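The structure under discussion appears below in the form of structure tokens.
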Amino acid sequence: MLLPALGLFLLVGSAQQVPPPPEPIPTLSQEAPPRTAVEAIMERVETGKDDWVSEVYDEEVKVQLGKLKKLLAHPPLDREKLAELVAPEFRGAPLAPAERILLREAPPAVYRWELEENRTVTAETLAEELDRWLEGLTEMISAELKTVGVAVRGQDPPRVELPIRYSITGRTEEGEIVQRSGYWITEWRKDPERGWLWLGVTPQEGWEGRTPRPHFTDITACALPEGPAYQQLLRGADWWSAHVDVAAGVDIYGNNGVAMADIDGDGQQDFYVCQAAGLPNRLFRSKGDGTYEEIGRQAGVDALDRSSGAIFFDYDNDGDADLLVAGMELLLFRNDGRGHFEFQPPAHVGLTPTTSEKTVFTSLCLADYNRDGWVDIYVCSYAWQVGESGYNYPIPYHDANNGSPNFLFRNNGDGTFTDVTEEVGLEENNTRFSFACSWGDYNRDGWIDLYVANDFGRNNLYRNDGGRFHDAAPELGVEDVGAGMSVAWADYDNDGWLDLYVGNMFSTAGLRTTAQARFKPGSDTLPFYQRHAKGNTLFHNNGGAGFTDVTEEAGVWMGRWAWSSNFFDLDLDGYEDIFIANGFITNESTKDL
């Protein structure tokens with residue numbers, strides 16, 4: 001009874017001097033959405049926090065462009081609402097084509113627009129002109145008006161010139177799908193009462209694609225099994241970074257890969273999906289009826305490690321598909337032939353680089369570089385790991401040479417590998433920020449060569465001279481200084497020689513800022529910064545003697561933020577087409593860094 005009595009004594013003894021009630025303790029609401037890593041980044045790049053008034057103007061005009069997009073989405077246009085956006089003195093060139101030149105007949109048909117020049121569009125006739133531009137579209141699927149430049153033409157009142165890339169997709173009354181894209185040069189002035197008003201427009205070029213039906217249908221929800229694996233893939237890396245303990249190390253940049261193979265010999269293609277650290281990688285086995293079951297745990301490959309890339313290959317020549325995963329380490333899983341895998345510790349099989357520093361591996365590519373009958377491994381790494389988090393930042397930005405090295409592991413034919421990077425000459429120019437690699441015999445000498453795409457600088461083309469390598473990129477004209485993110489080989493023009501397509505960064509914000517006179521005036525590095533935002537590159541192989549940049553004439557520079565790219569013959573017409581996977585942290589927002 002001692003403690004209750006003591007409690008009563010204290011209560012009674014203090015009855016004459018009752019203290020004020022304490023302030024309520026604030027509690028965290030479970031309804032409040034967590035702050036994501038992307039939101040933290042966007043706060044630092046918010047327009048108006050620096051002295052670039054051109055970007056402020058661009059952001060303000062985008063509000064008007066948003067209104068215009070809404071009008072375009074519901075043809076015919078609302079004349080009164082359009083008039084609210086247009087200056088009375090508006091003058092422009094015709095937007096609708098005078099003629100459509102057929103470039104390709106088989107679906108999808110592709111046309112290039114021939115533009116009319118002998119007519120002036122005014123504020124009174126603009127709505128009619130836009131209706132002509134949208135001719136035939138009764139239902140709008142999407143509309144994009146994206147500024148790719150900005151030039152301040154006056155300050156009293158403010159006037160700007162904005163090059164715009166447009167892309168609109170809709171359906172005709174017959175159900176045909178039509179996409180129209182091209183470029184306009186637009187002019188705007190700021191009215192003190194009405195805000196920014198559209199002052200003029202000059203179309204630069206335009207294209208049109210038409211197809212009677214979609215060529216692909218999204219069947220994800222039907223093909224993948226309902227359950228934890230499917231729910232996991234529905235969330236992006238940014239969502240998981242806000243909902244998983246920070247100790248797991250979820251990386252918001254999400255450069256994760258996918259690999260495909262028939263893992264159990266049943267004649268069906270299965271696929272493996274890499275995930276960020278703390279989330280299990282997933283293996284989907286084909287059931288043969290167009291659906292899949294997730295068997296990552298049963299198969300022994302549900303790694304929780306950070307995984308940036310994966311590839312299936314037969315490393316031991318026993319006839320089945322083994323699995324290699326790249327991340328903070330190289331994880332090798334040996335297939336028993338029935339779709340069950342056994343982990344092979346890196347130190348036991350020789351997949352530990354000859355360096356004591358931690359690296360972040362980004363991608364893998366395979367080839368028998370020395371023609372001994374065993375598949376060898378080349379692996380890219382992006383940066384030295386600094387402590388438990390972070391990495392060495394690229395210095396200098398336009399030509400960084402302080403990254404971590406890439407590695408070539410020779411297959412010894414006995415289940416083990418040896419790091420032969422230095423032995424074969426691949427230490428040359430090997431301290432960059434490498435994102436992707438690919439093998440291809442560009443000079444047809446029977447020895448497979450290697451191209452490496454590097455972020456923040458120059459790329460490498462290592463020529464294979466009988467099992468030893470030399471970086472021949474400068475002499476062959478394929479350094480492609482920029483933000484290299486992917487590489488693909490193919491003979492796109494069917495002349496018998498492998499051509500090269502390099503994925504880079506296409507940034508409208510970068511194009512706007514680097515084109516202005518105030519950005520690095522007189523600097524020798526200016527072209528490098530401008531190149532970083534320009535987009536992808538297609539190199540034509542000149543018979544093994546070098547390459548020519550044919551990007552502009554081929555029209556393949558704009559792949560957006562191109563993380564990955566590859567050739568494949570979409571329509572089986574005998575010519576290789578290009579597919580590009582893109583995106584950055586726009587996510588559900590349309591704001592562009």
Side-chain angles (χ1 to χ4, degrees), residues 229 232-233 237 240 244 248-251 253-264 269-285 292 294-316 318 320-337 339-353 355 358-367 375-383 385 391 404 406-411 415-417 419 434-439 486 563-564 581:
Q232 176 184 325
L233 297 180
W240 283 112
V244 174
V250 175
D251 185 351
Y253 296 103
N255 51 318
N256 311 116
V258 177
M260 296 194 71
D262 178 5
I263 64 168
D264 51 10
Q269 291 293 306
D270 315 297
F271 67 96
Y272 185 74
V273 182
C274 292
Q275 292 289 279
L279 302 174
N281 292 352
R282 300 294 186 173
L283 176 59
F284 292 90
R285 189 183 73 86
Y292 295 82
E294 203 284 312
I295 61 167
R297 175 172 294 184
Q298 302 95 297
V301 292
D302 59 334
L304 292 172
D305 306 61
R306 171 177 176 172
S307 303
S308 52
I311 196 165
F312 285 105
F313 75 116
D314 186 7
Y315 85 93
D316 50 5
D318 66 351
D320 52 41
D322 308 301
L323 175 65
L324 182 65
V325 180
M328 298 303 296
E329 291 185 291
L330 296 177
L331 309 179
L332 179 63
F333 299 88
R334 184 180 181 277
N335 191 342
D336 67 359
H340 185 273
F341 296 80
E342 181 181 355
F343 176 57
Q344 310 293 305
H348 292 181
V349 294
L351 288 179
T352 302
T355 174
K358 280 189 175 182
T359 61
V360 180
F361 296 121
T362 50
S363 63
L364 306 153
C365 62
L366 309 171
V375 178
D376 311 296
I377 303 169
Y378 187 81
V379 56
C380 288
S381 68
Y382 192 77
Q385 188 76 8
Y391 63 92
S404 54
N406 304 330
F407 302 95
L408 176 65
F409 292 96
R410 184 185 63 216
N411 192 328
T416 68
F417 296 83
D419 180 355
S434 301
F435 258 136
C437 51
S438 185
W439 298 91
S486 66
W563 281 104
S564 182

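This one's a predicted model, so the numbers in the text were calculated from it and none came from an experiment.
Ion pair D419/R410 not flagged as a salt bridge, since none of the NZ, NE, NH1 or NH2 atoms sits closer than 4.0 Å to an Asp/Glu carboxylate oxygen. Between R282 and E294 there is a salt bridge, since a side-chain N of the basic residue sits under 4.0 Å from a carboxylate O of the acidic one.
A donor-acceptor contact shorter than 3.5 Å is absent between the side chain of D262 and the backbone of D270. In this structure, Q344 contributes its side chain and E342 its backbone to a donor-acceptor pair below 3.5 Å. Under a 3.5 Å cut-off, the side chain of N335 and the backbone N or O of D322 do not form any donor-acceptor pair. T362 places a side-chain N or O within donor-acceptor distance of the main-chain N or O of S434, the cut-off being under 3.5 Å. In this structure, the side chain of W240 engages the main chain of Q232 through a donor-acceptor pair within 3.5 Å.
Using cut-offs of 30° and 60° for the angle between ring planes, the F312 and F341 rings count as tilted.
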List the steps, then state whether side chain to side chain contact (heavy atoms under 4.5 Å, CB included) holds for L323 with I263. CA-CA 9 Å; L323 175 65; I263 64 168; over 6 Å; no
Between I377 and L366, is a side chain to side chain contact (heavy atoms under 4.5 Å, CB included) present by the stated rule, with each step listed? CA-CA 5 Å; I377 303 169; L366 309 171; 3.7 Å; yes
Which is it for F435 and W563 under the side chain to side chain contact (heavy atoms under 4.5 Å, CB included) test, yes or no, and what are the steps along the way? CA-CA 9 Å; F435 258 136; W563 281 104; 3.6 Å; yes
Begin with the C-alpha distance, continue with both residues' side-chain angles, and end with the deciding distance and a verdict on side chain to side chain contact (heavy atoms under 4.5 Å, CB included) for Y272 and V325. CA-CA 10 Å; Y272 185 74; V325 180; 3.8 Å; yes
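Take S363 and apply the side chain to side chain contact (heavy atoms under 4.5 Å, CB included) test, not counting sequence neighbours, and it matches C380, A436, C437. Residues satisfying the side-chain hydrogen bond (donor to acceptor under 3.5 Å, both in side chains) criterion with Y315, sequence neighbours excluded, are absent altogether. In this structure S564 satisfies the side chain to side chain contact (heavy atoms under 4.5 Å, CB included) test together with A581, sequence neighbours excluded. Applying the side chain to side chain contact (heavy atoms under 4.5 Å, CB included) rule to L233 yields the partners L224, V273, Q275, F284; only residues at least two apart in sequence or on another chain are considered.
The two residues A299 and G339 make their nearest non-hydrogen contact at CB-O, 3.5 Å. Nearest heavy atoms, A261 versus A321: CB-CB, 3.9 Å. Nearest heavy-atom pair, H340 versus Q298, reported as atom, atom and distance to 0.1 Å: CD2-O, 3.0 Å. Closest heavy-atom contact between F271 and M260: CB-CG, 3.7 Å. Here the closest non-hydrogen pair linking F333 and G300 is CE2-O, 3.5 Å.
No close placement of the F409 and Y378 rings is indicated, their centers lying 6.0 Å or farther apart.
To the nearest 0.5 Å, atom SG of residue C274 and atom CG of residue N281 are 5.0 Å apart. Separating the OH atom in Y292 from the CZ atom in R285 is a distance of 11.0 Å, to the nearest 0.5 Å. In this structure, N411 CG and D316 CG are separated by 8.5 Å, a value rounded to the nearest 0.5 Å. Considering CZ of F407 and CG of L330, their distance stands at 9.0 Å, rounded to 0.5 Å. L364 CG to S308 OG: the interatomic distance, rounded to the nearest 0.5 Å, is 7.5 Å.
For residues 295-304, the salt bridge (charged side-chain N to carboxylate O under 4.0 Å, His left out) pairs, not counting sequence neighbours, are R297-D302.
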Can you give each donor-acceptor pair under 3.5 Å made by side-chain atoms of residues 346-353, sequence neighbours left out, with the distance rounded to 0.1 Å?
none

